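Here the structure comes first, spelled out in structure tokens, and everything after it is commentary.
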Amino acid sequence: MLPAYVPNSMAAVFGGGRPIDGGRVLKDGQRILGDGKTYRGLFVGIACGVLLGLLQMALLNSLSEFTDISLPSFSYRGSHTIVILFSLASGSLFGDMFKSFFKRRFGMKRGASLPLVDQLDFVLGAWTFTYLSSPEWFLMNFNRNIMVTVLIITPLLHLTTNVVGYFIGVKKEPW
Ligand code: CTP
Ligand code: MG
């Protein structure tokens with residue numbers, strides 16, 4: 001899940017500048033996505049997620065040679081490393097954008113809290129993109145127990161990192 005987690009944090013650290021919706025408003029009077037979704041956050045986030053995955057791949061063999069730690073591989077038969085990593089990283093931020101679109105439709109302002117959805121949007125986005133692009137790899141790596149574990153651990157991890165992000169000043173809200 002790391003290549004799906006990292007884009008979110010890196011978007012918060014490096015995001016800003018031109019919003020993806022270009023400031024446009026829909027008929028309901030609300031922004032399409034809002035100022036919290038920017039091109040810089042999207043591109044830097046995806047790049048960091050893919051790079052982290054490549055680093056994991058580079059460490060894969062040496063780690064298992066010298067330690068008991070085994071990392072998952074991001075390649076499997078017909079599925080290609082770069083496609084899998086791009087799906088995990090971009091799916092994460094597209095899930096997050098999809099959520100923002102609906103938050104705005106419900107009249108929720110940027111940063112308004114939507115419990116559980118805010119903590120799981122990127123997991124569902126990453127899984128959807130990865131399942132669609134690399135179904136064999138997805139089914140090899142995510143069985144039911146792993147998915148349930150991810151759904152329980154992620155909100156806790158997300159809240160912890162966001163509280164840290166809030167105190168170091170990269171997040172406007174601690175959620
Ligand atoms: N961010 C960004 N571009 C993205 C995603 C996130 O620049 N594609 C940055 C923004 O600075 C954003 C911060 O990361 O404020 C935290 O992201 P998030 O909590 O998802 O956004 P919110 O500001 O809470 O906006 P929303 O209500 O739409 O979720
Ligand atoms: Mg938020």
Side-chain angles (χ1 to χ4, degrees), residues 1-56 74 82-134 138 142 147 149-175:
M1 289 307 291
L2 280 178
Y5 286 161
V6 157
N8 251 277
S9 329
M10 291 301 114
V13 175
F14 295 107
R18 192 176 147 73
I20 295 168
D21 67 8
R24 279 185 294 270
V25 165
L26 291 188
K27 280 202 190 92
D28 57 13
Q30 304 291 336
R31 292 281 296 276
I32 303 178
L33 298 172
D35 282 331
K37 307 296 124 159
T38 67
Y39 281 109
R40 206 162 73 210
L42 182 67
F43 293 133
V44 175
I46 293 174
C48 289
V50 171
L51 285 176
L52 183 75
L54 291 175
L55 182 71
Q56 269 184 259
F74 295 113
I82 201 73
V83 174
I84 294 169
L85 292 177
F86 190 77
S87 307
L88 285 168
S90 63
S92 162
L93 290 180
F94 274 88
D96 175 57
M97 269 195 275
F98 191 72
K99 171 211 62 187
S100 290
F101 177 82
F102 285 102
K103 272 169 114 175
R104 301 300 90 84
R105 303 293 68 75
F106 294 134
M108 300 174 74
K109 295 288 172 217
R110 169 200 182 168
S113 159
L114 197 53
L116 278 183
V117 180
D118 276 331
Q119 283 81 47
L120 291 172
D121 52 6
F122 58 103
V123 171
L124 300 180
W127 283 349
T128 306
F129 273 36
T130 313
Y131 179 70
L132 292 175
S133 78
S134 320
F138 185 89
F142 290 104
M147 290 173 90
T149 308
V150 169
L151 291 176
I152 294 170
I153 287 178
T154 305
L156 301 172
L157 254 175
H158 190 260
L159 285 172
T160 316
T161 52
N162 278 5
V163 168
V164 173
Y166 176 72
F167 282 110
I168 63 172
V170 300
K171 279 279 303 181
K172 288 195 168 64
E173 306 82 18
W175 50 76

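Sequential numbering from 1 along the given sequence is applied to the chain's residues. Start at 1 and go down the list; that is how both ligands and their atoms are numbered. Note that this is a predicted model, so its numbers are computed, not measured.
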Show which atoms of ligand 1 fall inside a sub-4.0 Å distance from at least one heavy-atom site of Ser100. 26 (P), 28 (O), 29 (O)
Mind checking whether Phe102 and Phe98 have ring centres under 6.0 Å apart? yes
For the pair Arg40 (side chain) and Gly15 (backbone), establish whether a donor and an acceptor sit closer than 3.5 Å, ignoring hydrogens and angles. yes
Proximity winner for atom 15 (O) of ligand 1, if only heavy atoms of Lys109, Arg110, Arg18 are counted: Arg110
Donor-acceptor pair, distance only, cut-off 3.5 Å: does the side chain of Thr160 make one with the backbone of Leu156? yes
Salt-bridge present (Asp21, Lys37; N to O < 4.0 Å): no
Are side-chain heavy atoms of Leu42 and Met97 found at a separation under 4.5 Å? yes
Any idea which of Pro7, Ala12, Gly17, Pro19 brings a heavy atom closest to atom 13 (C) of ligand 1? Ala12
Does ligand 1 have any atom that is closer than 4.0 Å to a heavy atom of Lys99? yes
Shortest non-hydrogen contact from Ala12 to Lys171? CB-CD, 4.3 Å
Should Gly16 be listed as contacting ligand 1, given a heavy-atom distance under 4.0 Å as the test? yes
Would you please say whether a donor-acceptor pair under 3.5 Å links the side chains of Thr154 and Tyr5? yes
Backbone or side-chain N or O of Gly111 under 3.5 Å from ligand 1 N or O: yes
Numbering the atoms of ligand 1 from 1, which are under 4.0 Å from a heavy atom of Thr38? 2 (C), 3 (N), 4 (C), 7 (O), 8 (N)
Polar atom proximity, Asp118 to ligand 1 (N or O, under 3.5 Å): no
Run the numbers for me: atoms of ligand 1, each under 4.0 Å from some heavy atom of Lys171, listed by number. 16 (C), 19 (O)
Where ligand 1 meets Lys103 - atom numbers and elements under 4.0 angstrom, heavy-atom basis: 26 (P), 27 (O), 29 (O)
Which of the atoms of ligand 1 are close to Arg104, meaning less than 4.0 Å from one of its heavy atoms? 26 (P), 27 (O), 28 (O)
Nearest protein heavy atom to atom 9 (C) of ligand 1, by residue and atom, and its distance? Ala11 O, 3.3 Å
For Tyr166, does the OH atom sit with more than 12 other heavy atoms under 6.0 Å from it, leaving out its own atoms? no
In ligand 1, the atoms that come under 4.0 Å of a heavy atom of Asp96 are 5 (C), 20 (O)
Checking the N or O distance criterion of under 3.5 Å, is ligand 1 in contact with Asn8? no
May I ask you to check if ligand 1 and Met97 share an N or O to N or O distance below 3.5 Å? no
Is Phe138 close to Ser87 at the side-chain level, that is, under 4.5 Å between some pair of heavy atoms? no
Out of Gly15, Ala112, Gly36, Gly41, who is nearest to atom 1 (N) of ligand 1 when you count heavy atoms only? Gly36
With heavy-atom distances below 4.5 Å as the criterion, would you say the side chains of Phe129 and Ser90 are in contact? yes
Compute the shortest N/O to N/O distance between Trp175 and ligand 1 and return yes if it is under 3.5 Å, no if not. no
Report yes if some N/O of Asp35 lies less than 3.5 Å from some N/O of ligand 1; otherwise report no. no
Above 12 or not: heavy atoms from other molecules or residues under 6.0 Å from CZ of Phe101? yes
Relative to the heavy atoms of Lys37, which atoms of ligand 1 are at a distance of less than 4.0 Å? 3 (N), 4 (C), 8 (N), 18 (P), 20 (O), 21 (O), 28 (O), 29 (O)
Side-chain contact test, heavy atoms from C-beta onward, threshold under 4.5 Å: evaluate it for Phe142 versus Met1 and give yes or no. yes
